[in-house]
Engineer: 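Before I ask anything, here is the structure I am working with.
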Amino acid sequence: MESANQGLLSDAMTDVPVDSAAAARTSAPEGLTLAEEEELRSELAKVEEEIGTLRQVLAAKERHCGELKRKLGLTPLDGLKQNLSKSWHDVQVSNAYVKTSEKLGEWNDKVTQSDFYKKTQETLSQAGQKTSAALSNVGSAISRKLGDMSSYSIRHSISMPAMRNSATFKSFEDRVGTIKSRVVGSRENSTEGLHSPSGAGDKPPQDNAPF
């Protein structure tokens, strides 16, 4: 029974004509008449058609633009740079950027004019001056020390020949030479005395001749 009833219902539904426009059309919103609704729907269809046409035109323009860039040797990177430059320019001329820059300038003026900033700047300046003075003193001391060492070496190299040629140095050399010769001579004399025969042996023996 149930299957037979379902078959009859399906046959009856297929026999009923369906109006596609009526099915697509919903009930009119409150406050609109059917004429106004039809007018708005017609305008909507025209706008959607224009959007489709503009999309086709835009796609064609983009293709043409790509061909022109390819002929000019422009790469996508160049286009990206141009876009970034234009975007940054737009940001700089925007009201938000201008107001932010002005605000930051006011804060900078307030900070630089404050007593705390001035004291800090003076302290840093004094510390820098002291550090520069200390480094300058160290450099002067090192230069002075190097100069003293070089002058000493020059004086020493000059004074040695002069000292050797002086009368005092020659007299000292003469005395040392005299002492050395005396010591050497005394050693030679003592050596000869040890190797020579006694004095009695030098005399020939005397004959005891009878009277």
Side-chain angles (χ1 to χ4, degrees), residues 55 58-196:
R55 285 177 179 174
L58 179 61
K61 293 291 184 181
E62 287 179 348
R63 288 194 298 270
H64 185 58
C65 180
E67 292 176 359
L68 293 176
K69 287 182 178 180
R70 181 176 56 80
K71 291 179 180 180
L72 291 173
L74 298 176
T75 61
L77 182 60
D78 296 330
L80 179 61
K81 290 180 180 179
Q82 292 179 357
N83 293 333
L84 291 176
S85 178
K86 184 177 182 302
S87 299
W88 176 241
H89 178 71
D90 294 340
V91 169
Q92 287 180 331
V93 298
S94 63
N95 293 330
Y97 182 85
V98 173
K99 290 181 179 179
T100 304
S101 299
E102 293 176 354
K103 199 66 177 179
L104 290 175
E106 293 177 358
W107 289 348
N108 185 35
D109 294 338
K110 290 181 181 179
V111 170
T112 53
Q113 296 299 327
S114 63
D115 295 335
F116 177 76
Y117 179 83
K118 291 180 180 179
K119 290 180 180 179
T120 304
Q121 191 174 14
E122 291 176 358
T123 303
L124 293 175
S125 178
Q126 292 175 0
Q129 292 176 358
K130 290 180 180 179
T131 304
S132 300
L135 293 175
S136 178
N137 293 332
V138 171
S140 299
I142 293 173
S143 300
R144 199 162 49 245
K145 189 68 176 177
L146 294 174
D148 295 341
M149 292 176 64
S150 61
S151 61
Y152 173 76
S153 61
I154 293 172
R155 288 198 305 270
H156 182 70
S157 61
I158 294 173
S159 62
M160 287 300 292
M163 185 176 67
R164 288 180 179 178
N165 295 326
S166 63
T168 303
F169 189 80
K170 289 182 178 180
S171 176
F172 179 74
E173 284 184 340
D174 293 339
R175 290 181 183 179
V176 172
T178 303
I179 294 171
K180 182 179 180 181
S181 61
R182 287 180 181 178
V183 172
V184 172
S186 63
R187 286 182 180 177
E188 291 178 352
N189 292 332
S190 62
T191 304
E192 291 177 356
L194 290 174
H195 291 286
S196 63

Engineer: Is a side-chain donor or acceptor of Ser125 paired with a backbone partner of Glu122 at a separation under 3.5 angstrom?
Structural biologist: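 Checking the backbone N and O of Glu122 against the side chain of Ser125, no donor-acceptor pair under 3.5 Å is found.
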
Engineer: Indicate yes or no for a side-chain donor-acceptor contact from Asp109 to the backbone of Glu106 under 3.5 Å, with no hydrogens or angles considered.
Structural biologist: no

Engineer: Rounded to the nearest 0.5 Å, how far apart are OG of Ser85 and NE2 of His89?
Structural biologist: 8.5 Å

Engineer: Salt-bridged, Lys86 to Asp90, with N to O below 4.0 Å?
Structural biologist: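 Salt bridge: yes.
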
Engineer: Considering all heavy atoms of both residues, which atom of Lys118 and which atom of Gln113 are nearest to each other, and what is their separation?
Structural biologist: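 Closest approach of Lys118 to Gln113: CE-O, 3.7 Å.
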
Engineer: Measuring from Ser143:OG to Lys145:NZ, what's the distance to the nearest 0.5 Å?
Structural biologist: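 If I round to the nearest 0.5 Å, the distance is 13.0 Å.
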
Engineer: Starting at OG of Ser114, measure out to NZ of Lys119 and round the result to the nearest 0.5 Å.
Structural biologist: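 Separation between the atoms: 10.0 Å.
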
Engineer: Is it the case that the side chain of Asn108 and the backbone of Leu104 share a donor-acceptor pair, with hydrogens and angles ignored and the cut-off at 3.5 Å?
Structural biologist: no

Engineer: Which heavy atom of Gln92 sits nearest to which heavy atom of Val98, and what is that distance?
Structural biologist: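 What the structure gives for the nearest pair is O-CG2, 3.7 Å.
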
Engineer: Please round to the nearest 0.5 Å and tell me the distance separating atom CD of Gln82 and atom CG of Leu77.
Structural biologist: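 The CG atom of Leu77 is 10.5 Å from CD of Gln82, to the nearest 0.5 Å.
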
Engineer: Could you grab the distance from atom CG of Asp78 to atom CG of Leu72, nearest 0.5 Å is fine?
Structural biologist: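 Here the rounded value is 10.5 Å.
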
Engineer: Between OG of Ser94 and NZ of Lys99, what distance do you get to the nearest 0.5 Å?
Structural biologist: 10.0 Å

Engineer: Do the side chain of Ser87 and the main chain of Asn83 share a donor and acceptor less than 3.5 angstrom apart?
Structural biologist: yes

